[in-house]
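Quick notes on the structure that follows.
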There are 2 protein chains.
Amino acid sequence: MPTESTTGPAPRRRGHSPKRKAVLDAATAEFLAHGFAGTSMDRIAEAARVSKRTVYDHFPGKDALFQAIADEILARISDMPEHVYAPERPLEAQLLAIGHTFAETITDAEFMDLSRVVIARFIQRPSMAENTLKAHRRLRRDMIALLAAGKKDGRLSLRSPEMAAAQLCGLIKELAFWPQLTAGQEPLSTRARRAAVRSAVGLFLDHYGVRDA
Amino acid sequence: MPTESTTGPAPRRRGHSPKRKAVLDAATAEFLAHGFAGTSMDRIAEAARVSKRTVYDHFPGKDALFQAIADEILARISDMPEHVYAPERPLEAQLLAIGHTFAETITDAEFMDLSRVVIARFIQRPSMAENTLKAHRRLRRDMIALLAAGKKDGRLSLRSPEMAAAQLCGLIKELAFWPQLTAGQEPLSTRARRAAVRSAVGLFLDHYGVRDA
DNA sequence: GCTCGACTACACTGCACAGTGTAGTATGGC
DNA sequence: GCCATACTACACTGTGCAGTGTAGTCGAGC
């Protein structure tokens with residue numbers, strides 16, 4: 001064991017070189033296209049036109065590389081407006097707004113690819129999958145808060161804001177997300193996506209909305 | 001190449017012995033618990049208290065073994081009543097009936113485990129995932145037909161039966177299926193499941209139902 | 001001109017796993 | 001007794017892949 005070789009088992013590079021970006025880009029493409037298990041470090045190195053050693057010089061291992069990519073994509077996608085209940089605005093408009101944001105987020109091509117990969121990777125350890133794809137958790141929280149506020153304000157007649165939020169999301173996801181993810185269906189056009197949200201909000205308000213308000 | 005050894009490259013056993021069942025049982029448990037990639041043929045053999053050779057004597061390979069198991073579980077689960085539109089019965093009751101069947105099917109523990117594994121395995125090739133889990137496709141067809149009939153009968157006011165069916169399913173799945181599958185949530189109690197279906201049908205009819213009928 | 005950090009090329013270890021080949025054992029029917 | 005069937009034990013091939021070790025190249029700054 002020649003342990004005195006250089007500096008021991010620490011990462012050998014730290015700077016943010018152009019090669020690092022090449023690796024990240026190549027790895028993103030490979031992971032999103034072929035999944036975690038279906039992508040080898042050799043392929044990534046080859047695609048990045050970089051030696052395998054360089055990959056390991058910038059990232060400690062496959063998992064770390066994948067995590068870095070997932071984090072980066074999620075950060076890019078999670079850059080969305082907050083949705084806070086506004087008593088003076090019509091409820092329908094507010095529900096449409098958050099619904100559209102939700103639908104846009106989950107139909108984003110990169111989010112879908114990432115979902116595919118993360119779900120394939122972590123579905124055996126479900127907690128991690130939900131944890132990693134927290135982008136839409138944040139929106140779900142906003143939605144629950146909005147529904148709770150609308151209820152308190154007497155404009156919605158519902159028991160559980162959590163359940164109602166799930167229903168609203170389910171209405172949208174079953175049209176705009178799951179068919180594309182698990183059945184290879186083409187992504188919804190903007191037009192169709194917006195129609196799906198309008199329909200979902202229509203169903204929602206016909207049931208939970210209070211007549212006069 | 002000693003090709004004259006026994007009989008060439010054909011499967012060596014054909015009978016339905018008790019060992020075959022042991023292999024199937026063990027493989028079912030292993031696959032459902034650890035997924036396709038997470039299960040090795042050695043583990044299956046060990047769990048079945050059988051030599052590895054015996055596994056290969058009954059099944060040509062890992063894929064075939066998995067397919068046999070998936071088919072068997074799906075056959076068991078797909079054994080469900082047909083739901084055909086009955087003009088004389090109240091629509092609500094009919095929607096509740098098919099909704100409850102749907103919810104029962106997808107909340108079945110074995111169906112969920114199988115879904116997990118199949119989704120993890122085939123989500124990169126989405127067509128296969130939908131194809132394998134056809135159990136709920138059959139119900140979806142029934143549901144679409146039922147909605148189309150209800151529309152023709154003037155009891156439902158909707159454009160697309162396909163879209164409406166998706167919405168009804170989405171309302172149920174987002175409460176009773178996906179949280180359990182991807183977030184490790186406890187399965188819904190029978191009581192909660194039935195409440196979810198009633199709520200979904202309520203939302204559905206408040207929007208799509210025709211007032212008088 | 002030398003050094004140092006980033007990088008390459010490539011050989012190599014170690015592992016897990018699918019699938020095979022084969023010699024040998026136990027059992028029941030003839 | 002004999003033979004076939006079902007099965008075991010186990011060694012073995014081949015492959016794909018994560019991760020490492022190392023000698024050497026190249027360019028920038030001193």
Side-chain angles (χ1 to χ4, degrees), chain A residues 1-27 30-31 33-69 117 120-121 124, chain B residues 1-27 30-31 33-69 117 120-121 124:
Chain A
M1 289 180 192
T3 37
E4 77 280 354
S5 53
T6 48
T7 21
R12 308 212 297 206
R13 313 275 190 277
R14 274 141 237 154
H16 281 236
S17 61
K19 298 284 178 179
R20 186 192 163 89
K21 190 177 176 336
V23 171
L24 271 176
D25 290 349
E30 294 293 322
F31 278 137
H34 309 112
F36 184 83
T39 298
S40 76
M41 295 300 264
D42 292 86
R43 281 183 63 89
I44 290 173
E46 198 187 330
R49 316 277 251 145
V50 137
S51 91
K52 190 180 178 181
R53 209 60 187 83
T54 301
V55 178
Y56 279 98
D57 285 343
H58 284 289
F59 302 93
K62 196 181 179 184
D63 301 81
L65 180 50
F66 179 73
Q67 199 59 54
I69 285 162
V117 178
R121 179 154 164 61
Q124 300 289 332
Chain B
M1 288 181 194
T3 37
E4 78 279 355
S5 53
T6 49
T7 21
R12 306 212 297 206
R13 313 276 189 273
R14 273 143 239 151
H16 281 235
S17 59
K19 297 284 178 180
R20 187 193 164 90
K21 190 176 176 333
V23 171
L24 272 175
D25 289 349
E30 293 294 322
F31 277 137
H34 309 112
F36 184 82
T39 299
S40 76
M41 295 299 265
D42 292 85
R43 281 184 63 88
I44 291 173
E46 197 188 329
R49 316 275 250 147
V50 137
S51 91
K52 189 180 178 181
R53 211 57 186 83
T54 301
V55 178
Y56 280 98
D57 285 343
H58 284 290
F59 302 93
K62 197 181 179 183
D63 300 81
L65 180 51
F66 178 73
Q67 199 59 55
I69 285 162
V117 178
R121 178 153 166 63
Q124 300 289 330

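Every heavy atom of this structure was used, including side-chain atoms; hydrogens, water molecules and symmetry mates were not. By convention in this document, chain letters (A, B, ...) are assigned in the order of the sequence lines, proteins followed by strands, and residues within each chain are numbered from 1.
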Margin query: What's Arg49(A) touching, base or sugar-phosphate or nothing? Going by heavy atoms closer than 4.0 Å.
Written below: sugar-phosphate
Check: Touch check for Lys19(A), heavy atoms < 4.0 angstrom, all strands: base, sugar-phosphate only, or nothing?
Finding: sugar-phosphate
Can you tell me the distance, in whole Å, between the [atom1] atom of [X] and the [atom2] atom of [N]?
X: Lys21(B); N: dA6(D); atom1: NZ; atom2: P; value: 19 Å
X: Tyr56(B); N: dC10(D); atom1: OH; atom2: C1'; value: 15 Å
X: Asp42(B); N: dG19(C); atom1: CG; atom2: C1'; value: 10 Å
X: Ile44(A); N: dG19(D); atom1: CD1; atom2: P; value: 11 Å
X: Arg53(A); N: dA18(D); atom1: CZ; atom2: C1'; value: 12 Å
X: His58(B); N: dT8(D); atom1: NE2; atom2: C1'; value: 12 Å
X: Leu65(B); N: dC17(C); atom1: CG; atom2: P; value: 16 Å
X: Phe59(B); N: dT20(C); atom1: CZ; atom2: P; value: 15 Å

Show the nearest heavy-atom pair for residues [X] and [Y], with the distance to one decimal.
X: His34(B); Y: Gln124(A); value: C-OE1, 3.7 Å
X: Ser51(A); Y: Ala45(A); value: C-CB, 4.0 Å
X: Ile44(A); Y: Ala26(A); value: O-CB, 3.9 Å
X: Lys19(A); Y: Arg49(A); value: NZ-O, 4.3 Å

Note to self: Let's see if you get this right: which residues in residues 33-41 of chain A place a heavy atom under 4.0 Å from DNA chain D?
What the structure shows: Thr39(A), Ser40(A), Met41(A)
Next item on the list: Identify which nucleotide among dT8(C), dT20(C), dG19(D) has an atom closest to any side-chain atom of Lys52(A), counting heavy atoms from C-beta outward.
Entry: dG19(D)
Margin query: Side chain of Thr54(A), heavy atoms from C-beta onward: which of dT8(D), dT20(D), dT8(C) has the nearest atom to it?
Written below: dT8(C)
Margin query: Using 30° and 60° as the class boundaries, would you call the ring planes of Phe66(A) and Phe31(A) parallel, tilted or perpendicular?
Written below: perpendicular
For [X], enumerate each residue passing the salt bridge (charged side-chain N to carboxylate O under 4.0 Å, His left out) test, keeping only those at least two apart in sequence or located in another chain.
X: Arg43(A); answer: Glu30(A)
X: Lys62(B); answer: none
X: Lys52(A); answer: Asp42(A)

Item checked: By ring-ring contact (aromatic ring centres under 6.0 Å, His included) - contacts of Phe59(A) (at least two apart) -> none
Check: Hey, is the side chain of Lys62(B) pairing donor to acceptor with the base of dG19(C) inside 3.5 Å?
Finding: no
Margin query: Whether Ser17(A) contacts dC7(C) is assessed here as follows: a side-chain N or O lying under 4.0 Å from the phosphate OP1 or OP2. Is that the case?
Written below: yes
Collect all protein-nucleotide pairs involving nucleotides 24-30 of chain D in which both atoms are nitrogen or oxygen and the distance is under 3.5 Å.
none

